[in-house]
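I have placed the structure first, in the form of structure tokens, so that the comments after it can refer back to it.
Fair warning: this is a prediction, and the values are worked out from it, not measured in the lab.
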Amino acid sequence: MEHGVLVPPVYSPIPPAIHPRHERIDQQTAAWAKSFDIGSRELREKLIGHDIGTFAARILPDGDEEVISLLADFVLWLFGVDDGHCEEGELGADPKELVPELSRLLRIAQNPEAPMLTGDSLAAGLRDLRYRMNLHATPGQVARWVDALREYFLSVVWEASHRNKGTVPDLNDYTLMRLYDGATSVVMPLLEMGYGYELQPHERDSTSVRAAAEMAYFIITWDNDLFSYHKESRGQQYYLNVLRVLEHHHAMRPADALQTAVAQRDRVMCLFLRLSAHLAASGSPQLRQYLTSLTSFIRAAQDWGISSRRYTTPEDPADLPTTFRDTPTDDSTEPLDIPAVSWWWDLLPEGTEGPEGPDGSRGSNGPVPAALPTPRHRQPAGGDAAVPVAQRPAKDRVAMAGHHHCSRA
């Protein structure tokens, strides 16, 4: 790896899981990308080879297959924007031109019937995604998806301004920007849609639940920075990465920056597990499912990150880890010295214990909290295949939530 840095196995107490139809979903996403001409031909072929459908099938291992396909197509579309427009295209270094382009796409997401960008392939793909979303989402979920897309676009422009000037943000600004430019928050409404419920505002918008989601974003994006460092640092283009931020602003050697970043994500993982257990203990069935989906999202990103060609780069092997560790390198209960997120540690009542371990002991570094249900399509510890389990009909999942969706086509 560049600078001789080798990413070690990261702490992951979350069991792997995958939807049994993942191969079919991946094939459908490849066909969708081709039918809408997402990106240039070269970029499209790369994206098709990145197993994005499998990634989505890991995020929603027991979810509705149509929603998983929608999620997979949306993630590929996001990479079409990020890779095509922002990182590899000219707009990525020109925030003045990027703002109106992304604003037009946002309008398509809000109102797909608007006669705009009629010859644009990304706009056509976004229209299709929005129309399909209408079949599975409530108006409130669609509105939150659009709002999250706006947040993502804003962060992308922020990153473009740094790319334009060749600057590196400090750790606090980078952390704040990374909570959104990792395109994690835009997935949240689909976590609900995949299981046929809508989390009610008094739970979803509470400070603690929002913080739990942000912790998941942090873990996912820090892991992504670790797994993508080889690819990004060896390229010729400008890139932002937590390791680069630590090297630039804290004068760290690459190996020390890596160790620090791993410790940061481990400390947040421990806090996430404790807070999730605390919230699940008194939360509704829908909140418990939401928290379970956050853990699935974290593990999905980890499994995909160490196996997808996007990061393993076979033409220039990244030598990424193939396993995970079951203990953290840092389980401190002290807040990280990052103002944008240090308040997370104030949310747990004093004396709250960590998840229960297999021997009945408690601590901050135990396995996934027992209060959270384990995905039924869990992968065996030593294999790649999921064990198929009969899934509850979609109508039953909706009834459980007590909120009806629009009729499906």
With Leu320 as partner, the option from Thr312, Leu226, Leu6 fulfilling side-chain contact (heavy atoms from CB on, under 4.5 Å) is Thr312

So, the side chain of Ser308 versus the backbone of Gly305: is there a donor-acceptor pair under 3.5 Å, distance only? no

- request: Determine, stepwise, if the pair Asp170 / Val245 fulfils side chain to side chain contact (heavy atoms under 4.5 Å, CB included).
  value: CA-CA 6 Å; Asp170 64 27; Val245 170; 5.8 Å; no

(Q) Does the Lys NZ or Arg CZ of Arg244 fall within the cation-pi geometry relative to Tyr239 - under 6.0 Å from the ring centre and within 45° of the axis? (A) yes

Could you go through the side chain to side chain contact (heavy atoms under 4.5 Å, CB included) check for Met269 and Phe218 one step at a time?
CA-CA 9 Å; Met269 175 72 88; Phe218 183 99; over 6 Å; no

The ring-ring contact (aromatic ring centres under 6.0 Å, His included) partners of Tyr174 (sequence neighbours excluded) come to Trp222

In this structure, CZ of Arg104 is separated from CG of Leu126 (nearest 0.5 Å) by 14.5 Å

task = Show your reasoning for whether side chain to side chain contact (heavy atoms under 4.5 Å, CB included) applies to Met177 and Leu240.
result = CA-CA 11 Å; Met177 183 171 67; Leu240 280 179; 3.5 Å; yes

request  = Return yes if some donor-acceptor pair links the side-chain N/O of His230 with the main-chain N/O of Tyr311 below 3.5 Å, else return no.
outcome  = no

Looking at side-chain heavy atoms only, is the closest gap between Leu70 and Met193 below 4.5 Å? yes

Taking the side chain as C-beta and beyond, is there a heavy-atom pair between Trp345 and Leu336 under 4.5 Å?
yes

Got Ser296 and Asp62 here, is their nearest side-chain heavy-atom distance under 4.5 Å? no

Nearest heavy-atom approach of Ala109 to Val146 is O-CG2, 3.9 Å

If we ignore hydrogens and angles and just use 3.5 Å, is the side chain of Thr29 paired with the main-chain N or O of Asp26 as donor and acceptor?
no

In this structure, OG1 of Thr175 is separated from CD1 of Ile338 (nearest 0.5 Å) by 4.0 Å

Exercise. Answer yes or no: is there a donor N or O on one side and an acceptor on the other, between the side chain of Arg58 and the main chain of His22, under 3.5 Å?
Key: no

Item to complete: Spell out, as yes or no, whether a donor-acceptor pair under 3.5 Å connects the side chain of Asp223 to the backbone of Gln302.
Response: no

- Query: After noting the C-alpha distance and the side-chain angles of Lys34 and Ile48, does the key distance pass the side chain to side chain contact (heavy atoms under 4.5 Å, CB included) rule?
  - Reply: CA-CA 9 Å; Lys34 292 177 181 177; Ile48 287 172; 3.6 Å; yes

Residues 34-53 vs ring pair (Phe, Tyr, Trp, His ring centres under 6.0 Å), sequence neighbours excluded, gives Trp32-Phe36

Heavy-atom nearest pair, Asp37 first then Ser121, reads O-OG, 3.1 Å

- Does the side chain of Gln141 pick up a donor-acceptor pair with the side chain of Glu192 at under 3.5 Å? yes

Here the pair of heavy atoms bringing Arg288 nearest to Ala280 is CD-O, 3.5 Å

d(Tyr229 OH, Asn224 CG) to nearest 0.5 Å is 14.5 Å

Taken in chain and number order and not counting sequence neighbours, the residues that satisfy side chain to side chain contact (heavy atoms under 4.5 Å, CB included) with Glu23 are none

Query raised in the report: Counting only N and O atoms by type, is there a donor-acceptor contact under 3.5 Å from the side chain of Arg130 to the main-chain atoms of Pro112?
Result: no

- Query: Does the side chain of Val10 come within less than 4.5 Å of Pro321's, by heavy atoms?
  - Reply: no

When rounded to the nearest 0.5 Å, the distance separating CD of Glu247 from OG of Ser233 is 8.5 Å

From the list Arg24, Arg132, Arg21, side-chain contact (heavy atoms from CB on, under 4.5 Å) with Ser69 holds only for Arg132

Quick one: does His249's side chain have a donor or acceptor within less than 3.5 Å of a partner on Val168's backbone? yes

Q. Salt bridge or not for Arg144 and Asp147, using N-O below 4.0 Å?
A. no

Check: Does the side chain of Arg107 pick up a donor-acceptor pair with the side chain of Gln110 at under 3.5 Å?
Finding: yes

Donor-acceptor pair, Glu198 side chain versus Thr138 backbone, under 3.5 Å? no

* To do: Taking the side chain as every heavy atom from C-beta outward, state whether Phe324 and Ile14 have any atom pair closer than 4.5 Å.
  => no

Are there more than 12 heavy atoms of other residues, nucleotides or ligands under 6.0 Å from atom CD of Glu42? no

In this structure, CG of Asp266 is separated from CZ of Arg325 (nearest 0.5 Å) by 7.0 Å

Q.
Classify the ring geometry of Phe79 against Trp304: parallel below 30°, tilted from 30° to 60°, perpendicular beyond 60°.
A. tilted

Just so I know, are the side chains of Ser293 and Gln289 near enough to count as touching, which here means a heavy-atom distance under 4.5 Å? yes

For Thr260, the side chain to side chain contact (heavy atoms under 4.5 Å, CB included) test, sequence neighbours excluded, returns Leu246, Met252, Gln264

Going by heavy atoms in the side chains, are Val262 and Tyr11 under 4.5 Å from each other?
no

Here the pair of heavy atoms bringing Ala72 nearest to Ile52 is O-CG2, 3.5 Å

Applying salt bridge (charged side-chain N to carboxylate O under 4.0 Å, His left out) to Asp330 and not counting sequence neighbours gives Arg267

Quick note, side-chain hydrogen bond (donor to acceptor under 3.5 Å, both in side chains) partners involving residues 181-191, not counting sequence neighbours, are Arg178-Asp181

Checklist entry - Does a side-chain N-to-carboxylate-O contact under 4.0 Å join Arg41 and Glu45? => result no

Taking the cut-offs as 6.0 angstrom to the six-membered ring centre and 45 degrees off its axis, would you call Arg310 and Phe55 a cation-pi pair? no

| Taking side chain as C-beta onward, heavy atoms only, is Ser12 less than 4.5 Å from Arg299? | yes

Between the CG atom in Leu294 and the CG atom in Leu291, the distance rounded to the nearest 0.5 Å is 6.0 Å

Heavy-atom closest pair (Trp145 atom, Val186 atom, distance to 0.1 Å) is CD1-O, 3.5 Å

Sidechain-backbone polar pair: Asp51 side chain, Thr54 backbone, donor-acceptor under 3.5 Å: no

* To do: Decide whether Glu159 and Ser155 meet the rule of one side-chain donor and one side-chain acceptor closer than 3.5 Å.
  => no

Closest heavy-atom pair, Val242 versus Ala261, reported as atoms and distance to 0.1 Å, is CG1-CB, 4.0 Å

May I ask you to decide if Ala114's main-chain N or O and Arg127's side chain share a donor-acceptor pair within less than 3.5 Å?
yes

